[in-house]
Amino acid sequence: MLEYLHVIFWFIFIEILGLISIPLARAAGNRLADGGYSAARTLGIVLVAYMSWILSYVWGFNRSTILISVLLLCLISTIVYLKQKVLPKKKIMFSSELVFAAAFFFFLLIRIYLPEIYRHEKFMDFAFLNAIIRTSSFPPADPWFSGGSLDFYYYLGYLSVGVPGKLCSVEPSILFNLAIALTFALSFNLLFGFGYNLTHGKIKYGILTAGAGILLGNLQGLIEFVSVYFIKEPVSMGYYWSSSRVIPYTINEFPYFSFIHGDLHSHVLAIPFQLLVLAALLNIYFRKDCNQVFESILAFLFFSVSLGFLFPSNSWDFPIYFGLTFAVILAFYYGHYTYNKNLSGSIAGFFGTITLVSVFSFLPYLPFYMSFKPQAAGGFDFVALELRTTIDKFLILFGLFLFLTFSFLMTQLDSRRKIRYFILWIGISAILSRAWSIPLLVILFPLLALSLFTFLKDLPERSNAGFVSLLIAAASFIALICEIVYLDDPISGSFARMNTVFKFYMHLWIFLAISASYSYYELRSRYRTWPANGLPSKRIYGRKAWAFSLVLLVLSCSVFPVVSTFTRIEDMNAEPTLDGMGYMKGLDRGDYDAIRWIQQNIEGTPVILEASEDDSSYRYTSRISANTGLPTVLGWARHERFWGRDPEEVRARIEDVNSIYSTGSKKKALELMNKYNVSYVYIGQLERQIYDVRTDKFEDETYFEPVYRGSVQIYKIRKE
């Protein structure tokens, strides 16, 4: 019953944030068909999370600070509403509310059958989320490296769900699953808004865009289905896994895979924040015959804060969306020039606006940048020839979207001469592809050329088609860059560009999904007006072949979401619950009860000692710090090395943890615990398996206080 109350309070609070933020979303989205309504919830979450974070530097991070932030949002929204006195139409409100609620409860139902916060990198995500909830200041403590902080990681995405979770007192193990369902619903709702706005208020195309972006899979889902259920080939990681590993030595996630997989990673949490910025850019693109890029100072601030929010949430997103911002503002001032014929004024306006956006997307997050010390990346390097993506793999990933976007862009070639030039360019692209050993040039160069041609042709008009063409061009450019360079991180060898493809291909999916959905709308609108009896027979057969191919591709991409959902639920075979820790009751009931005791009785962020091993990553090790947010001496060792911790110090900590548990010397144990400021010692089944635990030294009540006894023992160190 308590779980359902958590769901109700959580949902009501998110709805309240959305309703409060309607006037603010209107200020930033007044040129959109829905008045920015589909972005209101996400904007409200961003603003409350930001204000809670910035106010924490004055009053600390607590429920009072969050409540003050909500009240400030109410005050700002009330002032804006009293000036505008405009509310969305009932049709817009009803359709958007229904879409959001349906998406939220649909995926919440799936999470009930996939609740476990275990395996893969869920411990890491849960550790960060718990650290955010426990902290009273920022940056939070690193739960896997006592004495350290999350100054190497972009953590505001976790804050965005931690803020409503902390205010509503949601159990962290329930909050984890609610956060995934919320991110799914926000993303679905924003994509619905995109389809609605790009098609002048057509609900069915809003649903089509949301479905294409969030629900569809790639063609690997069909290939794997045939392999597993017809050829009967065994799979090691479950049916769904191979759809995210299409390009060898990389990760090719897409939204539905990420949501069904269930890791609460930063790149997943950031999807709605990306779409929020994209919606604001669409609004700017539609501001024709205006002298200012932004409707008001408030719209400018909302946009800058939303754009700036991307870097501390998932730093990979910021350069992509800053680049789009640059292109959209450039398009605005080109239109300004064609209307006013004032070149110097347009140039000055462009550079002035870009400068202001740059400054005000950076300054609000200055406290984050002042403490941010990333060490995982070390520049760029070139992709080895043998590791570049082949055409067949790229088509497996994006075949449906490319089919629709190419079809749409080809219609923009309105003369035979242009078509001949395009065919010539395809031939040149093929030659360059072979000469430079970049197979994807055959696809990407023609796609980039066509989309840029359409975008530039549309600049005076700045229509929906022009914005979509910009998205296609951005997707083509990103894919091309991924074939040439990669971010140099600690992963080397064949997997060197894994993270680059992993992070940037999510943008490709979102841009191409929006573009493909709009392309279908444009193509259907265009060809529906052509009478079949007025066309040559070749044209009629061509249209039928095109329609048949489209249906085949859609059905093929629909296999993954259906089959993966059922197979994931079947493979997990979990008791229906929202408690992500429920699996522990069967795995290690002692750990479950002890963790619940810690959550209820230990406040703040004291250091707790638990087992640590060199090969601990992706294993059950570090389960106490992950499930409570209390920092431990060392968590997943491989991850800490990846994040830039000194390998020698990591090794020393592993040895020291071993010594504390195994030594018979009380003095040595105390010296080592003081070294790491340990406040609690945890002895469970895992510790007894790994170490020859000498518990007698902990029974001296001069130095240790037994605070929990059962199959698990917890001792508190008495501080002098």
Side-chain angles (χ1 to χ4, degrees), residues 25-39 84 86 88-89 92 193-202 205-206 209 275-304 306-307 321-357 408-409 411-412 414 451-474 511 514-515 518-519 521-522 525-526:
R26 177 85 186 177
N30 64 319
R31 297 302 177 99
L32 303 178
D34 69 352
Y37 188 85
S38 57
Q84 295 178 344
V86 178
K89 295 177 181 178
I92 294 171
F194 258 97
Y196 186 91
N197 292 321
L198 285 170
T199 59
H200 311 290
K202 291 181 172 56
Y205 287 103
T209 305
L275 293 170
L276 173 65
V277 173
L278 204 57
L281 289 175
L282 180 62
N283 188 75
I284 294 170
Y285 196 78
F286 286 165
R287 283 179 56 76
K288 291 172 281 190
D289 304 330
C290 297
N291 291 323
Q292 300 295 328
V293 172
F294 299 98
E295 187 79 15
S296 62
I297 293 176
L298 205 60
F300 164 73
L301 290 174
F302 289 158
F303 176 79
S304 298
S306 299
L307 177 63
Y321 284 88
F322 186 82
L324 279 175
T325 300
F326 185 96
V328 169
I329 293 176
L330 182 63
F332 176 90
Y333 279 104
Y334 176 84
H336 181 268
Y337 165 69
T338 58
Y339 184 73
N340 293 311
K341 302 301 180 182
N342 183 356
L343 181 60
S344 60
S346 297
I347 292 173
F350 168 72
F351 284 107
T353 304
I354 283 293
T355 301
L356 284 172
V357 168
F408 160 66
L409 291 172
T411 64
Q412 306 303 304
D414 49 10
S451 54
L452 281 177
F453 168 76
T454 305
F455 171 66
L456 294 173
K457 185 176 73 169
D458 182 72
L459 279 178
E461 184 67 22
R462 294 215 303 280
S463 67
N464 303 355
F467 188 83
V468 167
S469 299
L470 175 61
L471 294 185
I472 299 171
F511 293 168
I514 293 172
S515 303
Y518 178 79
S519 297
Y521 162 75
E522 275 284 335
S525 300
R526 177 186 293 260

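Heavy-atom neighbours of L343 CG from other residues, nucleotides or ligands within 6.0 Å: above the threshold of 12. Around atom NZ of K89, no more than 12 heavy atoms belonging to other residues, nucleotides or ligands sit under 6.0 Å away.
Between F350 and F326, a ring centre-to-centre spacing shorter than 6.0 Å is recorded. Taking the six-membered ring where the residue is Trp, the centroids of Y518 and Y521 are separated by under 6.0 Å.
Judged purely by atom type and a 3.5 angstrom limit, D34 has no side-chain atom pairing as donor or acceptor with the backbone of N197.
Applying the side chain to side chain donor-acceptor pair (under 3.5 Å) test to S344 and every residue at least two apart in sequence or in another chain returns N342. With sequence neighbours excluded, the residues forming a ring-ring contact (aromatic ring centres under 6.0 Å, His included) with F511 are Y321, listed by chain and number. When the salt bridge (Lys or Arg N to Asp or Glu O under 4.0 Å) test is applied to R287, the partners found at least two apart in sequence or on another chain are E295. Scanning for side chain to side chain donor-acceptor pair (under 3.5 Å) contacts around S304 gives an empty result, with sequence neighbours left out. A search for side chain to side chain donor-acceptor pair (under 3.5 Å) contacts involving S463 returns D458, not counting sequence neighbours. Under the side chain to side chain donor-acceptor pair (under 3.5 Å) criterion, N464 pairs with H200, sequence neighbours left out.
Pairing each heavy atom of G195 with each of T209, the nearest pair is CA-OG1, 3.2 Å.
A heavy-atom distance below 4.5 Å is found between the side chains of V277 and F303.
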